[in-house]
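Below, each value reflects all heavy atoms present in this structure, side chains not excepted, and no hydrogens, waters or symmetry copies. Just so it is clear, the model here is predicted, and its values are computed rather than measured.
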Amino acid sequence: MPTAIVYFSLTGNTAWAAGRIAEALGAETLRLEPEKAYPARGAAKFLLGGKSAVFGEAPPLRPYSFDPDAFDRVIFGFPVWAGRPAPPLRSFLKAEGKALKGKTFAAFACQSGAGGERALRQLEEALGAELKAKLILIDPGDRPSEGNEARIAAFCGACR
């Protein structure tokens with residue numbers, strides 16, 4: 001099943017997980033990048049990112065190439081901000097949502113604290129579809145572990 005992994009990564013944790021999942025599934029990846037980058041450190045990271053997530057912002061994205069007809073399955077990856085998917089994912093869904101109807105979906109969320117379950121439910125609501133597989137990781141690139149590797153392997157198995 002042709003698979004695309006569409007993800008946003010601010011600090012590299014989601015990119016790390018996307019790479020592992022893409023390798024395991026033979027998937028193509030699309031990294032979403034907002035036109036105006038979010039701060040990656042300090043209080044501004046939490047204040048601006050959290051505000052953007054809480055207020056449901058959909059920041060303009062840098063141009064990307066994505067043909068939804070080329071994929072049967074789309075896996076979304078995102079950091080959890082204030083219990084929500086990071087806003088660049090919302091931007092992608094606003095632009096491509098209608099073209100994604102009828103696809104099989106899965107998602108993984110990377111977080112430092114909590115809120116992943118809520119963020120995954122919000123993604124299901126935005127898609128109007130249930131996720132076939134779900135995965136929550138705690139800073140997987142910053143804190144590599146055998147547990148994360150096992151969870152990624154199980155997620156990939158559930159996606160097949």
Value for CG (Asp139) from OG (Ser145), rounded to nearest 0.5 Å, stands at 11.0 Å
Task: Residues Glu117, Lys134; criterion salt bridge (Lys or Arg N to Asp or Glu O under 4.0 Å); working and verdict - done: CA-CA 9 Å; Glu117 294 88 0; Lys134 302 174 190 177; over 6 Å; no
Exercise for the section: Could you tell me whether a side-chain N or O of Arg90 sits under 3.5 Å from a main-chain N or O of Glu57, the two making a donor and an acceptor? Expected result: yes
With Phe8 as partner, the option from Phe92, Phe76, Trp81, Phe78 fulfilling ring-ring contact (aromatic ring centres under 6.0 Å, His included) is Trp81
Separation between CZ (Phe155) and CD1 (Ile21), nearest 0.5 Å, reads 5.0 Å
Q.
Can you confirm whether Cys159 sits close enough to Ile75 that some side-chain heavy atom of one is under 4.5 Å from a side-chain heavy atom of the other?
A. yes
Report task. Mark yes or no for whether Thr3, through its side chain, and Met1, through its backbone, hold a donor-acceptor pair below 3.5 Å. Result -> yes
- Whether Lys103 side chain and Pro68 backbone form a donor-acceptor pair below 3.5 Å: yes
Are Leu120 and Leu135 linked, directly or through intermediate hydrophobic residues, by side-chain heavy-atom contacts shorter than 4.5 Å (ILVMFWY only)? no
task: Would you indicate whether the side-chain heavy atoms of Leu25 and Arg160 approach each other to under 4.5 Å?
output: yes
Below 6.0 angstrom between ring centroids: does that apply to Phe71 and Phe66? yes
In terms of heavy-atom contacts, Pro140 and Ala17 come closest through CG-CB, 4.3 Å
Next item on the list: Might you confirm whether atom CD of Glu23 has over 12 heavy atoms from other residues, nucleotides or ligands at distances under 6.0 Å?
Entry: no
Output for pair (Asn148 CG, Glu146 CD), nearest 0.5 Å, gives 10.5 Å
Between Val54 and Ala82, the two heavy atoms sitting closest are CG2-CB, 3.7 Å
The side-chain hydrogen bond (donor to acceptor under 3.5 Å, both in side chains) partners of Glu28 (sequence neighbours excluded) come to none
Minimal heavy-atom distance between Ala109 and Val80, with the atoms involved, is CB-CG2, 3.7 Å
* For the pair Asn13 (side chain) and Gln111 (backbone), establish whether a donor and an acceptor sit closer than 3.5 Å, ignoring hydrogens and angles. => no
Correct closest heavy-atom pair for Trp16 and Gly141 would be CG-CA, 3.8 Å
Distance-only side-chain donor-acceptor flag, Arg73 / Thr104, under 3.5 Å:
no
### Query
Does Arg31 use its side chain to pair, donor to acceptor, with the backbone of Ser9 at less than 3.5 Å?
yes
The reported gap from CZ in Phe108 to CD1 in Ile136 (rounded to nearest 0.5 angstrom) is 12.5 Å
Separation between CG (Leu48) and NZ (Lys36), nearest 0.5 Å, reads 7.5 Å
Hphob cluster co-occupancy, Tyr64 + Ile5, side-chain heavy atoms under 4.5 angstrom: no
- Task: Measure the shortest side-chain to side-chain distance between Thr11 and Lys45 over non-hydrogen atoms and say whether it is less than 4.5 angstrom.
- Result: yes
Flag yes if Val74 and Tyr7 sit in one hydrophobic cluster, no otherwise; membership is Ile, Leu, Val, Met, Phe, Trp, Tyr, and two members link when side-chain heavy atoms are under 4.5 Å apart. no
Rounded to the nearest 0.5 angstrom, the SG-CG distance for Cys110 and Leu10 is 12.0 Å
Taking C-beta and beyond as the side chain, do Leu32 and Ser91 meet within less than 4.5 Å on heavy atoms?
no
Item checked: ILVMFWY cluster, Ile152 and Ile138 together (side-chain gap under 4.5 Å) -> no
Between Lys94 and Ala58, the two heavy atoms sitting closest are CD-CB, 3.6 Å
When every non-hydrogen atom of Tyr38 is compared with those of Ser52, the smallest separation belongs to OH-OG, 2.9 Å
